[in-house]
Amino acid sequence: MEDDQINNSEVQKPLVDEVIYPDIEPGIINRSLIESSYLKHVHRGEGRRLHQLEPVVLEQILTMRLEFNNILRIDHLWILPNLTKLCLNCNKIETIENIEMLTNLKDLNLSFNFIEKIENLDTLVNLEVLSLFSNKIEAIENIDMLTMLVIISLGNNLIDTVEGIERFRFMNNLKIINLEGNPIAKRTNFCLLKYISAILPKLNYYEYTFIKSELRAEACNLYYREIREIEDKQEKEIQARKFLEREQSEAKRLASSFVEHLDGHQLFDSLWRGDEDGRVLMLVGTQAQELADEYDKDIFELTQEIYKLGLERFTERDEEIRDFFNNLFDGQEELQILGQNEIEWFLQFREIIFEEARIRLLKLEQNSMHGEDEDTPENLKLSDALDKLNIQFEDAINDLWQALMAQELYLHESIQESTINFHRKIAELMSKFVEQSQAFFVQLREITLHFSENMTEILTRFISTKFALQDFDDVPIELRVCVDDRDAILNLIAGMKDYHTLRLDEREDTIATRTKEFVDNMIDQLNSNEVERHRSKILEINFFVEMMTDAMTSLPHDVRDELIAEDYV
């Protein structure tokens, strides 16, 4: 009996463990594993040995294969920012994590792992292929943001419900789905293929088999009630999403205009938030509340002016930015065309020079193979002609280099000058907005002062009346300690005024600070981008010139190799 149990245990042991993980210790992804896997899969033989002598440029890696490494946890992939394909299949991963930064990823393979939940994929908006085949996933969820997805494989998981399949309707590019091997696909009285064909009208393949129109029509008749219910829910969700997008867009526009939370009574409400002195003073009664309502109205009218001003300046600023970038693009495109014309002329000239040089080199090599001496008149004449061709080529490549560098230097200086002028214009525009808004804040502070003065009058009259009548029953408890102390009353009013003024000052400073930060950050980014572009262009020009020079230098060797190959054949 015990022998049978042992044998059964051996039989039940997953074959994948025996094949994939024989002697590898479980671990996490680290830099060493990434670099070794890159060298292993990208290069072969002598190429791998030579490549190991150079440092791995992580930013240039587009594909990473890490399958069959007994990986338990995903980590360190942030060092591969430009990755487009990631293979993590056949490991022991339990959680999808630490890949949010791989926004360029198009192909992700997490098949044959131990993943229980679809999660942390929202930022992978460029993902086109997702394979989660053979895991422990129980629910279809958290996939709505993957709108670029074309293929998704969820076969051999633990999905036991159709719930979540309707979410694929939001993926307009989805063409292929695989759910084979799940409990939902094994039900005897339910055809998952027909359900999916009906619910997902844009899907072309299920389990990599084309869905025929006859089958889809039959499925739609079978599940027409479900389709109608799902369509109703989808339409409501689409409208809710559009509304949310409009709200977010408007909030972003207001934030970019530096007047967010000034389109209503938010500023007035913020004056009272945390104002304990003001709260006590409002306990006086109807007169204080009526005065506060008037205060609210006056504050609102001025904040509306600041709000409208911010939107006007936002429009002006956006037009200025758009004009700057349009002019920048036009200037770059114009010089790019000039540079391309220079290169095309040179390439045509290069073909002529190379052909003439090749003819002479072939003749020289043939003469040499026939045993002729280098000093024969014909060989000397050929060598002299080659020297002249080399000089012509060097002159041409130098002229090209100087022309391209002059164009690039002119473009660089023009962009720098344009950026300086743009900086001045945009800074003046923002300064004008700040000055105009500050004028409104002066009026806001005057309103606050006027409110505090009126509150002083109301409280003085309130206390005087109570003293005259000796009726203190309806005096709020918080104010009773101040009834016979005028200075205490004045201190409460002063505290309220100072607090409100402080909040106004803070909002005013926020506008001034953020406008300055906006201009500084934008100009810093422009300058940084231009420095990077300028450096890249210079490297590109030098690389092209070096490549052309090397081609001319290696021409004799190429001709000799051609002749040797012909003789060998």
Quiz prompt | Verdict with reasoning, L130 to L121, per side chain to side chain contact (heavy atoms under 4.5 Å, CB included) | solution = CA-CA 10 Å; L130 174 61; L121 298 174; 4.0 Å; yes
Side-chain ([X]) to main-chain ([Y]) donor-acceptor, under 3.5 angstrom:
X    : Y    : value
S437 : I306 : no
T123 : E100 : yes
T513 : T510 : no
N157 : L154 : yes
N204 : I176 : no
D323 : E320 : no
S528 : D524 : no
T161 : E163 : yes
T209 : Y205 : no
N142 : I118 : yes

Whether over 12 other heavy atoms sit under 6.0 Å from [X] [atom1]:
X    : atom1 : answer
H261 : NE2   : no
R187 : CZ    : yes
M145 : CE    : no
E141 : CD    : yes
K175 : NZ    : yes

Check: Checking side chain to side chain contact (heavy atoms under 4.5 Å, CB included) against L88, which of I96, N109, I74, N69 comes through?
Finding: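 Only one of I96, N109, I74, N69 forms a side chain to side chain contact (heavy atoms under 4.5 Å, CB included) with L88, namely I74.
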Salt bridge or not for [X] and [Y], using N-O below 4.0 Å?
X    : Y    : answer
R167 : E237 : yes
K233 : E229 : yes
D520 : K516 : yes
E245 : K242 : no
R514 : E260 : yes
K186 : D160 : no
E231 : R228 : no

State whether [Y] and [X] meet the cation-pi test: NZ (Lys) or CZ (Arg) under 6.0 Å from the six-membered ring centroid, and within 45° of the perpendicular axis.
X    : Y    : answer
R246 : F243 : no
R317 : F433 : no
R65  : Y38  : no

[X] side chain to [Y] side chain, donor-acceptor N/O pair below 3.5 angstrom:
X    : Y    : result
N30  : S32  : no
N172 : K202 : yes
Q525 : N521 : no
H412 : Q416 : yes

Hey, does [Y] have a side-chain heavy atom less than 4.5 Å from the side chain of [X]?
X    : Y    : value
E116 : E138 : no
I230 : I199 : yes
F325 : F422 : no
I177 : L203 : yes
S257 : R313 : no

* To do: Might you work through the side-chain hydrogen bond (donor to acceptor under 3.5 Å, both in side chains) test for S111 and S134, ending with a clear yes or no?
  => CA-CA 6 Å; S111 300; S134 194; over 6 Å; no
Quiz item: Between N178 and I152, is a side chain to side chain contact (heavy atoms under 4.5 Å, CB included) present by the stated rule, with each step listed?
Solution: CA-CA 7 Å; N178 180 19; I152 183 168; over 6 Å; no
*Provide the full list of ring-ring contact (aromatic ring centres under 6.0 Å, His included) pairs with a residue in residues 120-146, sequence neighbours left out, each pair given once.*
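Non-adjacent pairs meeting ring-ring contact (aromatic ring centres under 6.0 Å, His included): F112-F133.
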*Which pairs with one or both residues in residues 171-191 pass ring-ring contact (aromatic ring centres under 6.0 Å, His included), sequence neighbours excluded?*
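Qualifying pairs, neighbours excluded: F190-Y195.
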What distance do [X] atom [atom1] and [Y] atom [atom2] have between them, rounded to the nearest 0.5 Å?
X    : Y    : atom1 : atom2 : result
I143 : L174 : CD1   : CG    : 8.0 Å
Y206 : L215 : OH    : CG    : 12.0 Å
D263 : T303 : CG    : OG1   : 8.5 Å
I34  : L77  : CD1   : CG    : 5.0 Å
L200 : R169 : CG    : CZ    : 7.0 Å
T95  : F114 : OG1   : CZ    : 12.5 Å

*Could you walk me through whether E218 and K194 pass side chain to side chain contact (heavy atoms under 4.5 Å, CB included), step by step?*
CA-CA 8 Å; E218 179 187 348; K194 289 183 179 180; 2.8 Å; yes
Shortest non-hydrogen contact from [X] to [Y]?
X    : Y    : value
C191 : Y223 : O-OH, 4.1 Å
N113 : N91  : OD1-C, 2.9 Å
I511 : F258 : CG1-O, 3.7 Å
L33  : I28  : CD2-O, 4.3 Å
N135 : I115 : OD1-N, 3.1 Å
R503 : L271 : CB-CD2, 3.7 Å

Practice problem: Show your working on side chain to side chain contact (heavy atoms under 4.5 Å, CB included) between R31 and E35 and close with a plain yes or no. | Solution: CA-CA 6 Å; R31 187 187 182 105; E35 292 186 352; 3.0 Å; yes
Practice prompt. Determine the interplanar angle of the F300 and H265 rings, folded into 0 to 90°, and report it as parallel if under 30°, tilted if 30 to 60°, perpendicular if over 60°.
Written response: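 Ring orientation, 0 to 90° scale: parallel.
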Could you give me the CA-CA distance, side-chain angles and deciding distance for R241 and D144, then say whether salt bridge (Lys or Arg N to Asp or Glu O under 4.0 Å) is met? CA-CA 12 Å; R241 286 187 178 190; D144 293 16; 3.2 Å; yes
So the side chain to side chain donor-acceptor pair (under 3.5 Å) pairs with at least one residue in residues 331-343 (sequence neighbours excluded) are none
